[in-house]
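Remarks on the structure that follows.
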Amino acid sequence: MEEEQDKTRPEPLPHDLISEILTRLPVKSLTRFRSVSTRWNSTILHPSFSKSHFHRSATAAAGASTTLLLTFINRFNSERTIFSVTIPFNQTKSLPDPTRILTIPGFKHPFVSQPLNGLICFNLGSMCVCNPSTRKFVKLPWTQPEFNAQSPACTRHRTNAFGFDPVSNAHKVLDTWITCHESEIITEHRVFTIGSGSNTWRRISGGTSYLTFNESICISGQIYFRAFRSLIASESPVLAAFDVHREEFRFFEMGDEAVFYSEESVLMEHDGCLTIVDHQGEDNVLLMWILVDEDNGKWVKKRVEIPAMCSEINDRRRYRFAGTTVSGEMIFAEKSLVNPFFVLLYDIKKNEVKKVEICGLTDFDFKFGHVLMNVTSVNEHNT
């Protein structure tokens with residue numbers, strides 16, 4: 001009898017096949033399935049599984065729905081709120097149930113990073129790293145400058161950047177304290193590696209001093225930002241690149257000064273290259289400077305004519321460039337929280353724009369005095 005039962009009992013699935021099936025599931029399901037067994041839990045938490053799950057999510061994103069993260073700041077108390085909204089494929093309205101990821105208590109530092117492999121970083125006084133899919137976040141230790149300047153004319157400035165190292169599959173936070181002392185710039189760089197098991201910042205020695213713009217973007221393991229290397233007013237800014245794996249800085253000269261001095265020019269990724277975009281000059285025109293050859297510092301200037309049907313992008317009193325989608329579309333969004341609230345998704349390659357209404361935001365308990373900080377798209381990540 002027992003032998004007959006053994007013959008009818010199905011063979012257990014190979015664990016490799018189970019792991020492959022799990023990579024196709026959404027994060028919410030994976031969170032539940034961690035309790036199935038110790039082996040399932042360790043599989044789902046393993047870095048290699050997280051990497052496979054993220055890349056599958058990124059591949060599936062083409063032709064699927066778009067998930068946007070919108071960060072608003074209350075201009076009266078500096079409180080920031082991050083929402084997640086979903087736009088179904090080929091639709092002009094988002095789903096009517098935005099998710100409030102978290103509310104950050106008032107703090108004057110505006111830094112909220114681009115999503116990198118499903119994680120975002122923001123400044124809560126101390127730096128924090130958050131997974132919007134699971135709404136979990138970790139708070140990093142506080143940092144402070146070691147340089148002790150006695151002069152009352154001394155000023156201090158703190159900048160942050162978030163990067164991903166594809167070599168070690170690790171997220172890192174770059175924290176920089178900048179002290180302007182008389183005619184000198186003193187910079188102190190520290191790096192924190194997420195998930196390394198160490199809860200301490202590492203000081204990077206030998207970094208070049210600079211005064212950075214309030215910006216950063218990570219592309220293929222390089223964090224880019226513009227900076228001044230001295231306090232001399234006539235000096236042109238340079239492009240800085242921080243190698244997330246080697247933890248080293250490089251600097252590039254920038255040719256056309258007109259766009260690089262513009263406060264409205266922004267950094268973005270275009271065809272895998274760092275690109276500086278200026279859309280505040282001529283109407284119906286985007287000017288793009290693309291860094292096509294880092295080794296030789298070669299830039300290519302591209303002029304994009306925006307079709308008349310897309311001219312709403314030029315309404316600078318209403319819309320601002322707010323970020324890019326995973327597929328490379330430029331996001332232009334309403335500057336303030338209004339009802340209805342729209343974003344414009346501009347496809348540079350197709351030279352087409354899609355106007356999307358973001359539904360449900362004004363159903364929450366805040367409306368007036370909230371200004372948009374940024375909009376980015378994100379793929380799910382299970383860690």
Side-chain angles (χ1 to χ4, degrees), residues 51 55 58 111 113-117 119 121 159-176 178 185 187 189-191 193 202 204-230 235-279 286-304 321 323-330 348-349 376:
K51 185 176 182 179
H55 286 307
F111 175 74
S113 77
Q114 70 185 115
L116 291 174
N117 279 33
L119 304 183
C121 180
T159 64
N160 309 109
F162 190 44
F164 179 75
D165 174 17
V167 178
S168 62
N169 197 37
H171 292 82
K172 296 183 181 182
V173 181
L174 174 65
D175 184 84
T176 303
I178 303 169
I185 300 176
T187 55
H189 307 289
R190 293 174 179 83
V191 169
T193 303
R202 289 177 289 103
I204 300 177
S205 60
T208 304
S209 295
Y210 57 78
L211 186 62
T212 179
F213 288 29
N214 187 25
E215 64 182 8
S216 66
I217 184 171
C218 184
I219 304 172
S220 302
Q222 302 284 327
I223 297 175
Y224 297 96
F225 53 89
R226 288 170 289 182
F228 291 100
R229 300 182 73 172
S230 78
E235 184 170 317
S236 300
V238 296
L239 177 71
F242 177 73
D243 188 306
V244 182
H245 180 67
R246 295 187 176 89
E247 300 181 357
E248 297 174 348
F249 289 93
R250 291 180 299 155
F251 294 88
F252 305 91
E253 297 298 326
M254 300 190 294
D256 193 316
E257 294 183 1
V259 67
F260 302 125
Y261 278 122
S262 170
E263 293 182 357
E264 300 297 336
S265 62
V266 294
L267 305 183
M268 63 172 284
E269 179 179 357
H270 178 64
D271 287 341
C273 299
L274 172 78
T275 303
I276 301 176
V277 180
D278 184 14
H279 66 286
L286 285 175
L287 295 178
M288 306 173 66
W289 283 260
I290 306 168
L291 182 60
V292 295
D293 185 349
E294 286 193 11
D295 293 335
N296 297 304
K298 182 180 179 182
W299 296 81
V300 170
K301 185 177 180 180
K302 183 177 180 181
R303 178 187 172 94
V304 180
F321 176 77
T324 58
T325 66
V326 172
S327 58
E329 296 169 305
M330 298 178 70
I348 299 175
K349 295 179 180 178
T376 51

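Just so you know, these numbers use all the heavy atoms, side chains as well, and skip hydrogens, waters and symmetry mates. Note that this is a predicted model, so its numbers are computed, not measured.
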What is the minimum heavy-atom distance between [X] and [Y], and which atoms define it?
{"X": "Leu267", "Y": "Phe225", "value": "CD1-CA, 4.0 Å"}
{"X": "Gly272", "Y": "Ile219", "value": "O-CG2, 3.6 Å"}
{"X": "Cys121", "Y": "Val173", "value": "SG-CG2, 4.0 Å"}
{"X": "Asn160", "Y": "Ser216", "value": "O-OG, 4.0 Å"}
{"X": "Met330", "Y": "Phe321", "value": "CE-CE1, 3.2 Å"}

Next on the checklist: Could you walk me through whether Thr212 and Thr176 satisfy the side chain to side chain contact (heavy atoms under 4.5 Å, CB included) test, starting with their C-alpha distance in whole Å, then the side-chain angles of each, then the deciding distance to 0.1 Å, before giving a yes or no?
Outcome noted: CA-CA 10 Å; Thr212 179; Thr176 303; over 6 Å; no

Next on the checklist: Tell me whether the rings of Phe242 and Phe249 are parallel (<30°), tilted (30 to 60°) or perpendicular (>60°).
Outcome noted: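 Tilted: the ring planes of Phe242 and Phe249 meet at 30° to 60°.
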
With a 4.5 Å limit on heavy-atom distance, are the side chains of [X] and [Y] in contact?
{"X": "Ile348", "Y": "Met268", "answer": "yes"}
{"X": "Leu119", "Y": "Phe164", "answer": "no"}
{"X": "Val277", "Y": "Leu287", "answer": "no"}
{"X": "Arg226", "Y": "Ile276", "answer": "yes"}
{"X": "Leu274", "Y": "Glu294", "answer": "no"}
{"X": "Gln114", "Y": "Phe162", "answer": "no"}
{"X": "Arg250", "Y": "Gln222", "answer": "yes"}
{"X": "His270", "Y": "Thr324", "answer": "no"}

Does [X] reach the main-chain N or O of [Y] with its side chain, forming a donor-acceptor pair under 3.5 Å?
{"X": "Asp165", "Y": "Val167", "answer": "yes"}
{"X": "His245", "Y": "Gly221", "answer": "no"}
{"X": "Trp299", "Y": "Glu253", "answer": "yes"}

Item to check | Step-by-step side chain to side chain contact (heavy atoms under 4.5 Å, CB included) determination, Lys302 to Thr275 | outcome: CA-CA 10 Å; Lys302 183 177 180 181; Thr275 303; over 6 Å; no

Item to check | CZ/Arg246: more than 12 non-hydrogen atoms of other groups inside 6.0 Å | outcome: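 Counting neighbours around CZ of Arg246, 12 or fewer heavy atoms of other residues, nucleotides or ligands fall under 6.0 Å, so no.
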
Next on the checklist: Show, in sequence, the C-alpha distance, side-chain angles and deciding distance for Leu291 and Cys273, and conclude whether the side chain to side chain contact (heavy atoms under 4.5 Å, CB included) test is met.
Outcome noted: CA-CA 6 Å; Leu291 182 60; Cys273 299; 5.5 Å; no

Item to check | Gap separating the CZ atom of Arg303 from the CG atom of Leu286, nearest 0.5 angstrom | outcome: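 One gets 10.5 Å once the value is rounded to the nearest 0.5 Å.
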
